[in-house]
Amino acid sequence: MSKVELKKKWWIGVKPKTVKGAELEKALALVESTEDEKLVAALATLKPALAKARAELKGQKDLLKDLDTLESMAEAEVKKVQAEMAKAKAAAAKAAEKAAEKEKAKEDDGGDDEDEETAGEKLFDPELHRTTLKRATRQALPFAFVVSNKAEVRALALGVRGMPKSMGRKAKERSDGAKVVFGRLQAAPGEATKLMISLEDCPNVPGAAKQLRLYLKQNKINLYKKFAVLLNGQEQEVDEDDEGGAPEAGADASGAAAVAASGAAASQAAPQAPAAGAAQAAQAQQEQQVLEDRRREFKRARAAWVAAKVRAEQDLEKVKDGAKMAYMADAQQWPKVVAGCKAIDDILDNLDDELRDTLDQYASTPLRNQKKLEALAGTAAEVLERYQRFVANNALMRAIDEKEFADVQVHAPVTKALADLRKALA
């Protein structure tokens with residue numbers, strides 16, 4: 001007797017000429033030509049084929065014993081494949097978890113997905129400093145500043161988060177030999193127009209307060225008029241804008257000087273101009289706050305959608321695995337399982353990455369670029385509507401929530417995440 005193998009040629013070689021054994025021959029051929037997760041289903045077809053072969057081999061003890069060995073080999077192979085599938089599934093779940101964590105970290109960083117060089121340049125962008133500095137009334141902001149009497153040499157690195165020392169190294173690279181200070185900027189408690197420059201792990205450079213004031217004024221950032229350098233909590237120097245600074249709303253300094261020189265008219269306008277400027281600044285700040293609040297609400301909804309999508313992908317794979325396990329030994333039902341798995345893949349194809357990618361662009365676009373934000377919001381709304389129509393009309397997703405093959409819910413959480421996102425984009 002030849003060695004028992006899960007191969008068609010073994011069965012053809014050992015079976016008596018009086019035995020047809022067509023079913024077992026066909027089942028072994030299927031096993032030989034099948035790989036990966038489909039192999040479990042192919043091995044399942046051996047059981048009924050072996051039963052028919054045994055019926056044809058009555059009284060042939062050696063061959064019957066070989067068929068028992070063949071069945072044991074098939075069962076062992078099934079366990080091996082299932083173990084490999086479980087391992088792959090665990091690896092996929094871990095990868096999905098890491099992807100979700102990456103998305104969360106990306107959300108915490110403002111949704112940006114730029115390379116290091118682009119992110120570094122943004123730290124030195126004066127256009128972004130105006131918006132960032134408004135946060136100094138609520139939190140301390142990490143910074144690094146190149147101190148120089150030459151306007152073209154001065155440079156400010158400023159962010160919402162980060163390490164001042166790291167920013168200091170970046171500032172040093174572009175300092176052209178000038179001195180650099182770094183630490184944190186924050187508005188003085190109870191004195192919103194005074195900016196405290198708290199230095200960390202670096203000595204004070206005389207004139208730093210004045211040079212920072214001139215840098216901000218040079219870039220038309222007039223949120224603060226008094227600047228104080230602090231080292232170990234002690235004020236080292238204070239610099240104040242004698243001209244009082246221009247209002248952030250955009251008042252013209254030369255126009256203010258002309259009014260001041262106009263005698264009696266100036267004496268009447270003096271009490272009113274600061275009030276009007278303050279009102280404009282307050283209104284601008286309020287509008288900015290509304291935009292920032294909306295952006296935060298949008299980011300929360302976006303994060304919830306990304307998490308729901310990742311979870312749905314994991315749960316749909318669980319449903320596919322559950323269906324395959326339930327019917328892997330049922331040759332008649334197996335084609336239906338294959339069709340069902342294809343329908344589940346269609347769900348994943350329809351809930352693609354287009355919405356996520358559009359939302360990422362929206363999240364990384366500066367608030368001042370309202371035209372681009374409106375265009376992206378329109379695109380996102382169109383994709384979102386397509387997703388909602390698909391989910392609402394998908395009977396399979398609702399059926400999955402009945403938990404026949406796996407203890408998961410897909411339709412309900414996806415529907416909620418999409419509804420929350422639509423509300424945020426409204």
Side-chain angles (χ1 to χ4, degrees), residues 3-15 19-57 63-96 312-350 394-397 399-408 410:
K3 182 181 177 182
V4 179
E5 296 180 281
L6 281 167
K7 293 182 179 180
K8 173 184 172 182
K9 68 177 184 179
W10 170 81
W11 174 237
I12 293 175
V14 300
K15 72 174 182 172
V19 174
K20 291 183 179 180
E23 289 82 358
L24 184 54
E25 184 177 327
K26 187 186 298 184
L28 287 169
L30 180 62
V31 169
E32 283 188 80
S33 62
T34 306
E35 296 179 353
D36 302 328
E37 59 184 31
K38 293 181 181 179
L39 182 57
V40 173
L43 289 164
T45 63
L46 284 173
K47 193 167 186 176
L50 285 167
K52 289 188 177 182
R54 287 189 179 99
E56 294 182 70
L57 292 171
L63 268 178
L64 288 171
K65 189 175 180 180
D66 285 345
L67 292 187
D68 289 341
T69 301
L70 187 70
E71 185 168 14
S72 297
M73 291 172 64
E75 290 173 353
E77 189 67 19
V78 167
K79 290 179 181 179
K80 178 184 173 183
V81 173
Q82 287 176 340
E84 290 174 352
M85 287 171 59
K87 187 177 179 180
K89 182 179 173 183
K94 189 174 181 180
E313 290 170 350
Q314 296 174 357
D315 287 348
L316 288 171
E317 290 299 328
K318 290 179 182 177
V319 173
K320 288 167 63 176
D321 290 344
K324 290 173 181 176
M325 292 297 293
Y327 290 102
M328 69 178 181
D330 192 330
Q332 290 184 338
Q333 293 296 327
W334 185 251
K336 295 180 182 179
V337 173
V338 173
C341 291
K342 176 63 171 62
I344 290 175
D345 289 337
D346 288 341
I347 294 174
L348 295 173
D349 290 341
N350 277 275
N394 193 278
L396 178 58
M397 291 181 72
I400 287 171
D401 283 11
E402 298 296 326
K403 304 181 180 180
E404 180 180 355
F405 297 112
D407 186 15
V408 300
V410 176

Problem - Point-to-point distance, once rounded to the nearest 0.5 Å, from CG of Asn394 to CD1 of Ile347 - result: 4.5 Å

Problem - Inter-residue atom distance Leu67.CG - Glu56.CD, 0.5 Å rounding - result: 10.5 Å

Problem - Check: Asp346 and Leu396 side chains under 4.5 Å, non-hydrogen atoms - result: no

Problem - Asp345 side chain near Lys320 side chain, heavy-atom distance below 4.5 Å - result: yes

Exercise for the section: To the nearest 0.5 Å, tell me how far Lys318 NZ sits from Ile344 CD1. Expected result: 13.5 Å

Fill in the blank from the handout: Of all heavy-atom pairs linking Val4 and Trp10, the shortest is CA-NE1, 3.5 Å

Completion exercise
Rounding to 0.5 Å, atoms CE (Met85) and CG (Asp321) come to a distance of 5.0 Å

Problem - Lys79, NZ atom: more than 12 neighbouring heavy atoms under 6.0 Å - result: no

Problem - Spatial distance of atom NZ (Lys89) from atom CD (Gln82) [nearest 0.5 Å] - result: 11.5 Å

Problem - Minimum side-chain heavy-atom gap Val14-Asp66 below 4.5 Å - result: no

Practice task
Evaluate side-chain contact (heavy atoms from CB on, under 4.5 Å) for Leu6 paired with Leu46, printing each intermediate quantity in order.
Solution key: CA-CA 10 Å; Leu6 281 167; Leu46 284 173; 3.8 Å; yes

Handout entry: Results of side-chain contact (heavy atoms from CB on, under 4.5 Å) for Leu64 - residues two or more places apart only
Key = Arg54, Leu57

Problem - Straight-line distance of Thr69 OG1 to Leu63 CG, nearest 0.5 Å - result: 11.0 Å

Name every donor-acceptor pair, under 3.5 Å, that has one atom in a side chain of residues 21-28 and the other anywhere in the protein, sequence neighbours excluded.
none

Exercise for the section: Check for a donor-acceptor pair, side chain of Glu77 on one end and backbone N or O of Leu43 on the other, with a separation under 3.5 Å. Expected result: no

Problem - side-chain contact (heavy atoms from CB on, under 4.5 Å) involving Lys65 - partner list, sequence neighbours excluded - result: none

Handout entry: Minimum heavy-atom distance Lys9-Glu32, with the two atoms named
Key = N-OE2, 4.4 Å

Handout entry: Heavy-atom donor-acceptor pair, Thr34 side chain to Val31 backbone, under 3.5 Å
Key = no

